Amino acid sequence: MLKDFYLEILHVDKITGARYGILHTPHGDVEVPMFMPVGTNATVKCLSPEQVKACGSGVILANTYHLHLTPGEEIVKKAGGLHAFMGYDGPILTDSGGFQVFSLASRRKITEEGVTFHNERNGNKEFFSPEEAIRIEEALGADIIMSFDECIPYPATKEYVARSTERTLRWAKRGLEAHRREDQALFGIVQGGAFSDLREHAARELAAMNFPGYSIGGTSIGEPKDVCYKMIRDAIAFLPPEKPRYLMGVGSIDYILDGIEAGVDMMDCVLPTRLARHGALMTSHGRVNIQRAQYAEDFTPLDEECDCYTCTHFTKAYLRHLYKAGEEFGKTLNSIHNIRFLIRIVEGAREAIKEDRFLEYKQECLAKYGDKRGF
RNA sequence: GGGCGAAUAGCGAAGUGGCCAAACGCGGCUGACUGUAAAUCAGUUCCUUCGGGUUCGGUGGUUCAAAUCCAUCUUCGCCCA
């Protein structure tokens with residue numbers, strides 16, 4: 001049986017049903033709802049594990065497909081697993097490679113057995129099956145691991161979505177049967193595209209397989225906001241309330257708040273770190289493109305409401321300078337800020353849930369930060 | 001003093017008679033980014049009231065037409081004395 005992993009729900013917002021609780025993992029307890037920064041290659045780009053922790057982050061994501069390519073799961077295993085390898089003692093979650101079925105669509109082929117990726121770096125063929133993904137994820141040793149799925153593009157025909165969703169369900173079952181480690185929580189992933197009946201079907205089928213947690217996939221890949229909202233609701237309605245729910249790939253404020261309102265516990269996204277590296281910063285006053293000339297002599301903090309290391313020690317003029325000069329440190333400072341900014345939003349959500357005022361909090365946030373995509 | 005070569009938009013650099021307001025790179029300005037093929041990608045960069053106007057070191061020519069050919073001047077580089 002699964003050791004040391006369970007969700008302790010401490011409060012449910014009386015108006016919305018948003019949940020506050022503690023997710024217990026073999027590498028520590030983390031409060032939910034939470035936002036998880038992405039560290040695809042066993043590093044949140046530009047940040048040390050200490051810096052990530054200082055942002056208030058609980059779980060770090062890593063990627064099975066990319067770590068399989070470099071350095072290979074055997075090396076990570078020899079190093080003592082991901083935690084030892086990357087010097088991070090908090091909880092780690094690995095995505096299965098299902099997102100790469102979507103993002104690397106031009107170089108892969110899907111069959112019932114699995115997915116063959118064409119690795120353009122060396123010409124190799126990389127075959128991923130549900131069993132292979134689990135084998136790699138067990139070698140990597142994260143606390144939370146994902147079933148191998150197909151992240152379905154949007155838009156897609158109902159026929160395609162139905163066929164793919166059924167296959168992902170079969171893959172989930174195969175992964176579950178292949179999974180052995182008792183110190184890892186394997187999550188099933190709900191697909192079903194934008195079709196309510198398919199989302200319901202997928203959620204019901206996965207719930208019946210009794211996974212320790214459930215993900216909602218195929219969201220935030222370009223679909224309209226209301227469609228995403230519906231996908232979340234359609235899936236959650238049929239997931240067991242006592243299990244953790246993970247909304248994959250969501251990272252803009254409005255989507256995060258929608259997810260939490262619907263009862264999501266975990267979310268991840270590359271958005272804050274990627275935007276940061278590209279000089280786009282999330283602030284109380286909206287988006288700041290730090291490269292802009294208007295900040296050249298702006299000696300005020302990026303966001304005076306923010307308590308992060310960047311905002312408490314540096315000015316916009318300095319951040320702009322680092323960006324224009326191409327200095328790595330700028331990307332680090334920007335990443336610290338964006339992650340902290342999003343995590344502060346989620347911390348606020350947790351406090352609001354405890355006091356049954358989540359809806360009010362959400363509306364305040366949207367009024368303040370707007371509801372633009374990509375922030 | 002003599003010989004040769006070079007001068008092109010903020011910088012570097014193509015272009016050597018019409019398809020040139022002038023490739024390309026850098027720099028400048030702006031935008032995008034959602035389970036990371038992403039320290040990436042895209043737009044824009046002489047002026048304009050969008051009709052057009054003024055450019056390719058200066059001046060004067062040749063030609064229907066010149067950044068491109070000729071003359072001359074200026075500046076810079078190299079070589080010879």
Side-chain angles (χ1 to χ4, degrees), chain A residues 35-47 59-67 69-70 93-108 117-122 126 133 137 142 144-152 154 168 187 189-191 214-225 228 246-256 258-259 264 266-282 287-296 320 322-335 338 342 372-375:
Chain A
F35 177 77
M36 310 180 286
V38 180
T40 302
N41 286 313
T43 170
V44 177
K45 293 184 194 298
C46 306
L47 299 181
V59 176
I60 292 178
L61 238 74
N63 184 278
T64 303
Y65 176 78
H66 291 292
L67 290 175
L69 297 190
T70 340
L93 181 156
T94 44
D95 186 25
S96 60
F99 184 71
Q100 280 62 47
V101 179
F102 163 78
S103 65
L104 303 178
S106 61
R107 327 157 194 188
R108 53 81 175 144
F117 294 93
H118 178 72
N119 180 349
E120 289 189 341
R121 283 208 179 147
N122 55 16
E126 308 288 351
E137 290 188 285
I144 304 168
I145 66 177
M146 292 300 118
S147 297
F148 189 56
D149 67 330
E150 180 195 358
C151 177
I152 303 169
Y154 179 91
T168 288
F187 281 31
I189 303 178
V190 181
Q191 289 294 341
Y214 298 91
S215 303
I216 299 165
T219 51
S220 56
I221 47 168
E223 77 283 4
K225 183 174 157 60
C228 178
Y246 162 30
L247 177 59
M248 309 183 82
V250 158
S252 62
I253 293 173
D254 52 346
Y255 281 44
I256 286 174
D258 278 350
V264 162
M266 312 157 63
M267 285 152 290
D268 78 288
C269 196
V270 304
L271 197 62
T273 44
R274 182 181 292 166
L275 288 181
R277 273 176 281 121
H278 297 170
L281 302 168
M282 305 162 149
R287 179 180 174 134
V288 166
N289 283 142
I290 200 65
Q291 63 178 344
R292 291 176 63 126
Q294 70 183 94
Y295 302 119
R320 176 178 193 269
L322 294 179
Y323 184 84
K324 301 296 282 185
E327 284 294 340
E328 307 305 295
F329 187 47
K331 298 184 182 79
T332 297
L333 290 179
N334 293 348
S335 297
N338 272 358
L342 275 191
K372 291 178 291 183
R373 282 181 66 83
F375 193 76

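Each chain gets a letter, A, B and so on, in the order the sequences are listed, and its residues count up from 1. Quantities reported herein were computed from a predicted structural model and do not represent experimental measurements.
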Q: Could you tell me whether A:I189 contacts a base, only the sugar-phosphate backbone, or nothing, with contacts defined as non-hydrogen atoms closer than 4.0 Å?
A: base
**Q.** Check: A:T273 side chain, B:rU36 base, donor-acceptor under 3.5 Å
**A.** yes
(Q) Using modelled atom types and a 3.5 Å cut-off, is there a donor and acceptor pairing between side-chain atoms of A:S96 and backbone atoms of A:I145? (A) no
(Q) With a cut-off of less than 4.0 Å, is there a side-chain N or O of A:T40 near OP1 or OP2 of B:rU36? (A) yes
Q. What is the nucleic acid contact for A:E327, judged by heavy atoms within less than 4.0 Å: base, sugar-phosphate only, or nothing?
A. nothing
Q) NA contact type, A:E120, heavy-atom cut-off 4.0 Å: base, sugar-phosphate, or nothing? A) base
Q.
Holding to salt bridge (charged side-chain N to carboxylate O under 4.0 Å, His left out), I want the full list of residues that pass it with A:K331, two or more places apart in sequence or in another chain.
A. A:E328
Atom pairs, N/O to N/O, protein against nucleotides 28-31 of chain B, distance under 3.5 Å?
from, atom 1, to, atom 2, distance (Å)
B:rC29, OP1, A:R320, NH2, 2.7
B:rC29, OP2, A:K324, NZ, 2.5
B:rU30, OP2, A:A293, N, 3.2
B:rG31, OP1, A:R292, NH1, 2.5
B:rG31, OP2, A:N289, OD1, 3.2
B:rG31, N7, A:Q291, NE2, 3.4

Q) A:T64: what forms a side chain to side chain contact (heavy atoms under 4.5 Å, CB included) with it, not counting sequence neighbours? A) A:T94, A:F128, A:I136, A:E137, A:L140
Q | C1' gap between B:rA67 and B:rG57, integer Å | A | 12 Å
Q. Once the angle between the rings of A:F117 and A:Y65 is folded into 0 to 90°, is it parallel (under 30°), tilted (30 to 60°) or perpendicular (over 60°)?
A. tilted
Q: Please check the phosphate of B:rA38 (OP1 and OP2 only) for any side-chain N or O of A:R277 closer than 4.0 Å.
A: no
Q. If anything within 90° of 0 is syn and all else is anti, what is B:rG51?
A. syn
Q | A:T273 and A:N338, any side-chain heavy atoms less than 4.5 Å apart | A | no
Q: Could you tell me whether the side chain of A:N63 has a donor or acceptor atom within less than 3.5 Å of a complementary atom in the base of B:rG35?
A: no
